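Every chain is numbered from 1 and lettered A, B, ... according to where its sequence line falls, protein lines coming before strand lines. All of these numbers come straight from a predicted model, not from anything done at the bench.
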Amino acid sequence: MKLDRLDDFQRTHKNGELRLAHIGETVRLLGWCRKVRNLGSLIFIDLRDRWGVVQLVANEETASKELLARLKAVRGEFVLGAEGMVAQRESKNPNMATGDVEVRLTDLKILNVAATPPIPVEDGDNEANEDLRLKFRFLDLRREKLQRNLRLRSEVTNITRNYFRAHDFIDVETPILGRSTPEGARDYLVPSRVHPGDFFALPQSPQLYKQLLQVAGFERYIQICRCFRDEDLRADRQPEFTQIDIEMSFVRAVDVQTMIEGLMLEVAPLAGQTAQLPFRRLPYKDAMEWYGSDKPDLRCSTRIQDVTSLFAASDFNLFRAAADSQGQRRVRALFFAGEQAGAYSRKQLDALQDVAKHLGGGGLPYAKWGKEGFASSFKKFVDGPQEAALKTALGAEGEGLAIFAVGTDALTSKVLGEVRLRLARAFGQLDESRFEFLWVVDFPLFEWSEENQRFVACHHPFTSPHPDDMEMLETNPGACRAVAYDLVLNGFEVGGGSIRIHDAEVQSRMFRAIGIGEEEARNKFGFLLDALAYGAPPHGGLALGLDRLVMLLAGVDNIREVIAFPKTAQARCLMTDAPNAVDAKQLRELHLQLESPQQYRAGVMFFESVPAELQAPMAALRTLSMNQPTSTSTLVLDGEIVKVETTRIPGPEFE
RNA sequence: GGGGUUGUAGCUCAGUCGGUUAGAGUGCCAGCCUGUCACGCUGGAAGUCGCGGGUUCGAGUCCCGUCAGCCCCGCCA
């Protein structure tokens with residue numbers, strides 16, 4: 001049977017959009033075969049395109065012999081062109097958008113064949129493991145779930161571009177090949193062929209360019225740009241990711257924030273959400289004190305409380321010692337109300353202890369009010385009145401569970417912040433159907449780096465110090481606040497920005513504070529210092545993490561689900577096998593030498609029991625066929641559809 | 001760099017205390033079937049138990065190493 005050509009076959013309708021109104025119309029459709037249901041002399045085919053699925057039908061009485069033969073040759077994922085008349089179904093399928101109608105075939109073109117997919121192409125209970133999904137991403141992306149996610153992503157970027165255009169922003173592209181700045185994340189480097197020994201760096205963000213565009217007088221800049229950071233990955237971190245990057249002149253922090261709130265208002269409905277304006281503002285200090293996190297999830301209202309003073313005269317040494325420590329160490333607690341909390345088991349508490357220990361914390365003393373009354377790991381030190389006082393201090397009524405942590409603020413924040421999230425999730429207090437936006441503001445300007453034994457910039461070294469803290473820049477850097485703000489959504493940092501330094505003198509003081517000398521500053525950031533000297537306007541901006549934002553809008557827990565071709569946690573692409581070894585010639589041109597002998601990996605597949613003339617077309621199919629050591633493959637030779645039994649044998653390896 | 005976890009048929013998984021020929025569902029192939037839509041019925045093919053080593057009379061199962069996926073800590077100005 002010959003493979004058909006597309007010539008003179010024009011699509012008239014989208015599969016997923018056929019309705020009762022189309023009854024009687026002759027239609028031409030294109031798409032992939034989702035499923036064949038062959039009842040003998042009655043055959044159904046579900047035809048899928050990006051708009052949905054429609055049922056095709058033909059039977060022995062009405063269809064020509066040739067058409068029936070074609071129908072019987074069709075297998076899953078074949079590419080088809082269908083011609084027929086839209087008709088009402090005898091019994092409709094309420095699970096399909098097109099369930100009222102079907103297409104009675106008059107003609108069917110087989111435009112291409114397909115090997116049996118190595119992973120399920122339909123959304124169902126059996127989702128393949130992720131390594132296979134990534135290896136065969138082009139098939140995985142056919143699934144409705146991923147099609148929906150990428151369409152959502154496209155909606156977000158469209159809304160974003162329209163929104164900022166409406167607010168007078170200008171889209172400017174900044175270089176991908178730039179200068180390496182060792183401050184911050186590790187750079188991805190690109191060797192220069194023309195300049196032996198020199199390297200470009202891929203941008204971690206277009207930070208300096210967008211500031212220079214303000215000096216250049218653009219006033220409002222937007223770019224949806226790719227950024228690169230050579231650091232270890234997480235569920236919400238990829239080595240390359242997309243940022244919605246903006247910068248504005250003559251603005252205060254609140255002006256930038258308001259602009260972003262307006263965008264969130266337009267984007268939230270994509271997830272069926274509404275954004276309440278203005279968003280809450282929470283100083284960094286309070287976020288750490290109450291939620292133990294600089295990106296608190298406010299869907300749960302439980303706060304960390306300081307109960308140190310309650311134990312000033314306690315017999316429980318651990319707590320009293322903290323009370324005696326003049327604030328060096330504190331006793332802090334979380335209280336969760338409810339029956340479920342009151343019934344939290346010993347085993348579950350033990351698991352929680354492990355979490356705390358993993359974070360470098362000590363044990364987690366607890367107090368529990370449940371069906372069996374009061375229980376606590378320090379019960380023998382608590383009498384009746386003390387228990388009552390504890391309850392009052394925690395604001396506890398009825399049943400519930402209190403978890404305590406003792407130690408420095410940094411440690412108890414880290415531990416209780418994590419415990420808070422886990423218990424909130426366990427007790428069903430993180431409402432999945434809610435969006436809680438939040439600005440965390442007044443971040444510290446510096447943090448102490450143990451590794452470098454000096455202060456480093458918390459955000460980046462171009463962040464403006466808080467005007468009230470300017471005097472402390474030299475005297476008490478650790479206490480300086482920055483005009484920096486993060487946008488937090490449901491416990492995820494979806495954006496961060498700041499008002500920048502536009503005064504060359506302040507910028508110099510800033511560099512001095514983080515131990516960058518004048519010469520080094522000149523050397524690394526001379527262009528910026530120059531720019532600040534020629535009339536830089538007050539300016540500031542923000543960058544939104546597009547991947548995380550879309551992830552939250554899509555309601556998935558992983559940014560790989562909203563990226564077409566993501567990398568694995570080991571920063572590899574399983575589909576293309578990047579990064580890969582390159583020719584010695586390429587390395588020579590780039591003036592590079594490898595430390596250890598280069599490993600060349602190559603393999604060639606041959607197939608036994610396949611006629612010689614089929615070897616070449618089979619080789620093209622090898623990626624798919626490799627999954628089945630022995631299989632029947634369908635392939636095309638000179639436009640002819642043929643089936644062959646194949647047996648895989650390993651090819652020679654080359655050194 | 002560190003910790004945890006997973007790896008058995010194309011796919012998703014089960015496999016007890018170390019013991020006969022390693023199973024199920026699904027997919028695939030073949031036959032039958034005129035209203036299916038998770039079609040049904042019958043039959044069939046399909047396994048380097050991730051890889052390497054060790055313990056043992058005997059290893060999918062125990063031990064060591066290693067590779068890969070995922071999650072977390074460090075890291076991510």
Exercise. Give A/Pro461 one of three labels, base, sugar-phosphate or nothing, depending on what nucleic acid heavy atoms sit under 4.0 Å from its own.
Key: base
Quiz item: Using atom C1' of each nucleotide, how far apart are B/U61 and B/G15 to the nearest Å?
Solution: 9 Å
Quiz prompt | P spacing across the pair B/U12 / B/C28, given as an integer number of angstrom | solution = 16 Å
Quiz item: How far does the C1' atom of B/U56 sit from the matching atom of B/G19, given to the nearest Å?
Solution: 12 Å
Quiz prompt | Span that lies between the C1' atom of B/C29 and that of B/G65, in whole angstrom | solution = 41 Å
Quiz item: What is the distance from CG of A/Asn38 to P of B/U42, rounded to the nearest Å?
Solution: 18 Å
Quiz prompt | Rounded interatomic separation in angstrom, taking CG from A/Asn93 and P from B/U36 | solution = 11 Å
Quiz item: Please give, in whole Å, the distance from B/A68 C1' to A/Lys567 NZ?
Solution: 18 Å
Exercise. Take the protein atom CZ of A/Arg234 and the nucleotide atom C1' of B/G74, then report the distance between them rounded to whole Å.
Key: 8 Å
Exercise. Could you give the distance separating B/C73 and B/G18 at their C1' atoms, to the nearest angstrom?
Key: 37 Å
Quiz item: Donor-acceptor pair under 3.5 Å: do we get one between A/Glu102's side chain and the base of B/G35?
Solution: yes
Self-check item: Verdict with supporting geometry, A/Arg133 and A/Asp140, salt bridge (Lys or Arg N to Asp or Glu O under 4.0 Å)
Solution: CA-CA 6 Å; A/Arg133 292 179 52 206; A/Asp140 198 36; 2.8 Å; yes
Quiz item: Has the side chain of A/Glu127 got a donor or acceptor that lies under 3.5 Å from a partner of the other kind on the base of B/U12?
Solution: no
Quiz item: What's the CG-C1' distance between A/Asp131 and B/U6, to the nearest Å?
Solution: 10 Å
Practice problem: Let me see the working for A/Arg34 and A/Glu77 under salt bridge (Lys or Arg N to Asp or Glu O under 4.0 Å), right down to the final yes or no. | Solution: CA-CA 6 Å; A/Arg34 182 180 79 157; A/Glu77 301 308 316; over 6 Å; no
Exercise. Give me the ring orientation class for A/Phe443 and A/Tyr284: parallel if the planes are under 30° apart, tilted from 30 to 60°, perpendicular past 60°.
Key: tilted
Quiz item: Can you find an N or O donor on one side and an acceptor on the other, under 3.5 Å apart, linking the side chain of A/Asn59 with the base of B/G35?
Solution: no
Quiz prompt | Parallel, tilted or perpendicular: rings of A/Phe138 and A/Phe136 (30°, 60°) | solution = perpendicular
Practice problem: Specify the separation, in whole Å, of atom CG of A/Leu233 and atom P of B/A68. | Solution: 15 Å
Self-check item: Any A/Arg572 side-chain N or O less than 4.0 Å from OP1/OP2 of B/C67
Solution: no
Quiz item: When you look at A/Asp547 and A/Arg560, which way does the salt bridge (Lys or Arg N to Asp or Glu O under 4.0 Å) test go after all the steps?
Solution: CA-CA 8 Å; A/Asp547 313 279; A/Arg560 291 186 299 274; over 6 Å; no
Self-check item: Phosphate contact (B/G3 OP1 or OP2) by A/Lys357 side-chain N/O below 4.0 Å
Solution: no
Practice problem: Would you tell me if any nitrogen or oxygen in the side chain of A/Thr568 comes within less than 4.0 Å of OP1 or OP2 on B/G69? | Solution: yes
Self-check item: Whole-Å C1' distance, B/G1 and B/G60
Solution: 33 Å
Quiz item: What does B/G47 pair with, Watson-Crick or G-U, if both distances are under 3.5 Å?
Solution: none
Quiz item: When all nucleic acid strands are considered with a 4.0 Å heavy-atom cut-off, which category describes A/Gln204: base, sugar-phosphate, or nothing?
Solution: nothing
Quiz item: Just how far, in rounded Å, is P of B/G74 from CD of A/Glu447?
Solution: 12 Å
Quiz item: Is the closest basic N to carboxylate O distance between A/Lys210 and A/Asp245 below 4.0 Å?
Solution: yes
Quiz item: How would you label the contact of A/Ile119 with the nucleic acid (heavy atoms, under 4.0 Å): base, sugar-phosphate, or nothing?
Solution: nothing
Exercise. Remember a base hit wins even if backbone is also touched, and classify A/Glu90 as base, sugar-phosphate or nothing at under 4.0 Å, heavy atoms.
Key: base
Quiz item: Is a donor-acceptor contact shorter than 3.5 angstrom present between the side chain of A/Arg237 and the base of B/C76?
Solution: yes
Quiz item: Contact class for A/Asn129 (heavy atom, under 4.0 Å): base, sugar-phosphate, or nothing?
Solution: sugar-phosphate
